[in-house]
Amino acid sequence: MMRIVLVVLCLTACAIDPYQWERVEAIETTRVTWRQVDNVISHCSAILGPGFWGGCAVWNENECTFFTASDPSVELIGHEVKHCFGYRH
């Protein structure tokens, strides 16, 4: 059931996401973890450097963790999940 939800979230977000996406890795299966943090900009900038506004995704072998604030839009969740499957913008 969780896989279906993630696919629906990604498809919904991808349909309205203004970014030009490019698939740079062919990732078919991964473990996705969502963490909600108090200050997502500071948190993501500390991990990956400056330039993040709503969330970020971090890889560790076959696991992807994405970070957002406590009440993100479904579009933002889908955006970050798409990063977890090898897409970049």
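In this view, Arg31 satisfies the salt bridge (Lys or Arg N to Asp or Glu O under 4.0 Å) rule with no residue, not counting sequence neighbours. Shown here are the side chain to side chain donor-acceptor pair (under 3.5 Å) partners of Arg35, two or more places apart in sequence or in another chain: there are none. Partners of Gln36 under the side chain to side chain donor-acceptor pair (under 3.5 Å) rule, at least two apart in sequence or in another chain, do not exist in this structure. Thr65 meets the side chain to side chain donor-acceptor pair (under 3.5 Å) test with no other residue; sequence neighbours excluded. Residues forming a salt bridge (Lys or Arg N to Asp or Glu O under 4.0 Å) with Arg23 (at least two apart in sequence, or on another chain): Glu28.
Put simply, the residue from Ile77, Asp71, Leu76 that forms a side chain to side chain contact (heavy atoms under 4.5 Å, CB included) with Ser73 is Leu76.
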**Stepwise side chain to side chain contact (heavy atoms under 4.5 Å, CB included) check, Tyr87 with His79** = CA-CA 9 Å; Tyr87 288 87; His79 177 109; over 6 Å; no

**CA sep, side-chain torsions, deciding dist, call: His83, His89, side chain to side chain contact (heavy atoms under 4.5 Å, CB included)** = CA-CA 9 Å; His83 284 302; His89 54 81; 3.2 Å; yes

**Request:** Go through the steps for Phe66 and Val81 under the test side chain to side chain contact (heavy atoms under 4.5 Å, CB included), then give the verdict.
**Result:** CA-CA 7 Å; Phe66 71 93; Val81 167; 3.7 Å; yes

Could you give the side-chain donor-acceptor pairs of residues 52-61 under 3.5 Å, partners two or more places apart or in another chain?
| from | atom 1 | to | atom 2 | distance (Å) |
| --- | --- | --- | --- | --- |
| Trp53 | NE1 | Tyr19 | OH | 3.4 |

When the side chains of residues 37-50 are checked against the rest of the protein, which donor-acceptor pairs come out under 3.5 Å, sequence neighbours left out?
| from | atom 1 | to | atom 2 | distance (Å) |
| --- | --- | --- | --- | --- |
| Asn39 | OD1 | Ile41 | N | 3.4 |
| Asn39 | OD1 | Ser42 | N | 3.2 |
| Asn39 | OD1 | Ser42 | OG | 3.4 |
| Asn39 | ND2 | Ser42 | OG | 3.2 |
| Ser45 | OG | Ile41 | O | 2.8 |

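How far CD of Glu63 is from OG1 of Thr33: 4.5 Å, rounded to the nearest 0.5 Å.
Looking at Trp34 and Pro72, their side chains come closer than 4.5 Å, going by heavy atoms from C-beta outward.
The heavy-atom pair separating Arg88 from Val24 by the smallest distance is CG-CG2, 3.3 Å.
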